[in-house]
Amino acid sequence: MCKSVQFQLSPCKVEADGVSVVTFGIICGTVAFEDISDNRELVLGLVKLLNRLQPEPRHLESIIEDFLNRPSLRGDRYFPLETGCIESF
């Protein structure tokens, strides 16, 4: 059996145009992606999903890309994170 990996939420303070904002990323061992979103619940939902499904950390970049490009974040479709079902509004 493969060794379990732990994905963690990583808060980061980002400054743009003199305004300080907290954004969130994901860390797993030596693999880290910062500033994924300022929506804590969105990134935390992905962290929980990653910990449940246990993908290899080397796939994290493409997983994050796919997650951020899923239809529900574009507002044109409903995509429940837990079931993977896609339904039109």
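The model shown is predicted, which means the values in this text are computed figures rather than measured ones.
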ask   = So Asp38 and Val22, side-chain contact (heavy atoms from CB on, under 4.5 Å) or not? Walk me through it.
value = CA-CA 6 Å; Asp38 62 348; Val22 175; over 6 Å; no
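- Nearest heavy atoms, Val43 versus Gly25: CG1-O, 3.7 Å.
- Linking Ile, Leu, Val, Met, Phe, Trp and Tyr residues whenever their side-chain heavy atoms come within less than 4.5 Å places Val31 and Phe24 in a single cluster.
- Transitive grouping of hydrophobic side chains (ILVMFWY, heavy atoms separated by less than 4.5 Å) brings Ile63 and Leu44 into a common cluster.
- Scanning all heavy atoms of the two residues, the minimum distance from Pro55 to Leu50 falls at CD-O, 3.3 Å.
- Summarising the geometry, atom CZ belonging to Phe67 is positioned 14.0 Å from atom OG belonging to Ser62; distances are rounded to the nearest 0.5 Å.
- A donor-acceptor contact closer than 3.5 angstrom links the side chains of Thr23 and Asp35.
- In the hydrophobic cluster analysis, where Ile, Leu, Val, Met, Phe, Trp and Tyr join through side-chain heavy atoms closer than 4.5 angstrom, Phe33 is grouped together with Leu68.
- Rounded to the nearest 0.5 Å, atoms CD (Glu65) and CD1 (Ile36) are 11.0 Å apart.
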Table please: side-chain donor-acceptor pairs of residues 8-18 below 3.5 Å, with sequence neighbours left out.
none

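- Under the rule for a side-chain contact (heavy atoms from CB on, under 4.5 Å), the partners of Asn51 that lie at least two apart in sequence or sit in another chain are Gln6, Phe7, Val47, Gln54.
- Clustering ILVMFWY residues whenever any of their side-chain heavy atoms sit less than 4.5 angstrom apart, transitively, puts Leu42 in a cluster other than the one holding Ile27.
- The two residues Cys28 and Val5 have their closest heavy-atom pair at SG-CB, 3.9 Å.
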